[in-house]
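Counting starts at 1 for both ligands and their atoms, in listed order.
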Amino acid sequence: MRSFVLREGRLTAAQARAFETLWPRFGLGWAPDRPLDLPALFGNDQPVVLEIGFGNGEALLHMAARYPERNYLGLEVHRPGIGHLLLALESAGLNNVRLLREDACALLARGLAPASLAGVCLFFPDPWPKKRHHKRRIVQPGFIDDLARVLVGGGFFHAATDWAPYADWMLEHLRAASDRFENLSTSGDFVPRPPDRPQTRFERRGERLGQPARDLLFRRRQGR
Ligand SMILES: C[S@@+](CC[C@H](N)C(=O)[O-])C[C@H]1O[C@@H](n2cnc3c(N)ncnc32)[C@H](O)[C@@H]1O
């Protein structure tokens, strides 16, 4: 069961060139079922934050520029979005980002060592609004178990969505894992948008239409 439908979309000429010339610099390969050696891949042992489904990479670019003392691993399956981000990474001259074109569920389950990540971001995941599609939502009990395994104690999980029923769904699933995840919301539900996450045009439009984004911020508890 996949959380995405692969619509190939067309690469612009610049994006196609970026795959040829920039993928070797920013892109990673993964031999299935073998955990990535993150310090070796980044060439240092800075803390690593993963963004799942970065789209065209707007948030990833912003975070990587804001926190040069962290490494960012971006996962996306949609090639035009990856091409877009490759070009942006080169113009910004950032070197703390690596990208993988993989299904995040497979990578979380088998490609990351325990306690290897300082944080995981999931911004505007596909909402799968119809009830019969809820099983395709990426946030599921198994996903949360994998998150708990790969996050270091004290590490964070930051999610955002403008689909209110999905925000409630995530909250409910994370509350069910409260032995491992602590909600950092003072009201016990959502948090104001942290400055790490840039507000997009798409999101401002949603706000005008009365569909505000909701942010969830949880901390991995120590040692459970
Ligand atoms: C609605 S878009 C949001 C993109 C971006 N985060 C943003 O805020 O604009 C969701 C993205 O998640 C990606 N995605 C969904 N499931 C995924 C998975 N299992 N692994 C990697 N990427 C995934 C999709 O390809 C899509 O680009």
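Taking the six-membered ring for Trp and the full ring otherwise, His158 and Phe123 have centroids separated by under 6.0 Å.
The protein heavy atom nearest to atom 13 (C) of ligand 1 is Glu76 OE2, 3.4 Å. Here the protein heavy atom with the shortest distance to atom 16 (N) of ligand 1 is Ser3 OG, 2.8 Å.
Each of the atoms 1 (C), 2 (S), 3 (C), 8 (O), 10 (C) of ligand 1 lies under 4.0 Å from some heavy atom of Phe124. Here is the list of ligand 1 atoms found below 4.0 Å of a heavy atom in Glu102: 20 (N), 21 (C). Short contacts between ligand 1 and Asp103, defined as distances under 4.0 Å to a heavy atom of the residue, involve ligand atoms 18 (C), 19 (N), 20 (N). Atoms of ligand 1 found under 4.0 Å from any heavy atom of Phe123, numbered from 1 in the order shown, are 3 (C), 5 (C), 6 (N), 8 (O). Here is the list of ligand 1 atoms found below 4.0 Å of a heavy atom in Asp126: 1 (C), 10 (C), 12 (O), 15 (C), 24 (C).
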- Task: Might you work through the salt bridge (Lys or Arg N to Asp or Glu O under 4.0 Å) test for Arg197 and Glu203, ending with a clear yes or no?
- Result: CA-CA 11 Å; Arg197 188 175 72 71; Glu203 188 179 341; 2.7 Å; yes
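The line from CZ of Arg180 to CZ of Arg221 is 11.0 Å long, rounded to the nearest 0.5 Å. Atoms CG and CG, from Leu73 and Leu36 in turn, are 7.0 Å apart once rounded to the nearest 0.5 Å. The distance from atom CG of Leu112 to atom CH2 of Trp30, rounded to the nearest 0.5 Å, is 8.0 Å.
For ligand 1, one of its N or O atoms has an N or O atom of Ala104 under 3.5 Å away. In terms of polar-atom proximity, defined here as any N/O pair under 3.5 Å, Gly53 does make such a contact with ligand 1.
A 6.0 Å sphere centred on CZ of Arg2 holds no more than 12 heavy atoms belonging to other residues, nucleotides or ligands.
Contacts of Phe202 with ligand 1, taken as heavy-atom pairs under 4.0 Å, are absent altogether.
Inside a 4.0 Å radius of atom 9 (O) of ligand 1 there is not any protein heavy atom.
The side-chain tip of Arg220 does not point at the ring of Phe157 from less than 6.0 angstrom away and within 45° of straight on.
A donor-acceptor pair shorter than 3.5 Å can be found between the side chains of Asp189 and Ser187.
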